*Asks:* 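Sharing a structure here in structure tokens format.
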Amino acid sequence: MNPIRTCPICTGTDDHPRHVIDVADTTIAVHMDCCATARNCDVCKAQLAGVGGVKGNPKGDRLREHLLTTGPGADQPGWTAPVVLEEVA
């Protein structure tokens with residue numbers, strides 16, 4: 001189950017994908033489309049580009065499915081190398 005949070009930009013409350021940003025001593029979780037438009041965030045713009053772009057306003061399950069099946073590529077902002085976790089016996 002995904003956490004239900006309120007976006008500080010649009011004030012929408014849901015479980016849609018977010019960009020979690022460190023601000024001072026805390027973090028904020030902003031809808032990726034809100035982050036791309038309000039903050040001109042290159043990470044969010046790059047990730048949204050593959051699912052209809054910012055103007056297509058991809059949200060919710062459509063965006064989640066895109067991120068889970070494709071995610072950012074190694075040549076895109078926001079890419080993090082996969083980590084292999086060892087199984088705990």
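Basis for what follows: all heavy atoms, side chains included, without hydrogens, waters or symmetry-related copies. All values derive from a computational prediction rather than experimental measurement.
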*Asks:* Can you name the nearest heavy-atom pair linking H31 to C10, along with the distance?
*Replies:* ND1-SG, 3.3 Å
*Asks:* Considering non-hydrogen atoms only, spot the tightest contact between D33 and L48 and give its length.
*Replies:* CA-CD1, 3.6 Å
*Asks:* Apply the hydrophobic cluster definition, ILVMFWY joined by side-chain contacts under 4.5 Å directly or through others, and give me every member besides V23.
*Replies:* I9, I21, I28, V30
*Asks:* My understanding is that only residues two or more places apart in sequence, or in another chain, count here; which of them pass ring pair (Phe, Tyr, Trp, His ring centres under 6.0 Å) with H19?
*Replies:* none
*Asks:* The criterion is side-chain hydrogen bond (donor to acceptor under 3.5 Å, both in side chains); which residues satisfy it with T27, sequence neighbours excluded?
*Replies:* none
*Asks:* Checking R64 now: which residues fulfil salt bridge (Lys or Arg N to Asp or Glu O under 4.0 Å) with it, not counting sequence neighbours?
*Replies:* D15, D61
*Asks:* Check H16 against G60 and note the closest heavy-atom contact, atom names and distance.
*Replies:* CD2-CA, 3.2 Å
*Asks:* Give every residue pair that meets the salt bridge (charged side-chain N to carboxylate O under 4.0 Å, His left out) criterion with at least one member in residues 16-32, sequence neighbours excluded.
*Replies:* D14-R18
*Asks:* In Å and rounded to the nearest 0.5 Å, what is the SG to CD distance from C35 to Q47?
*Replies:* 10.0 Å
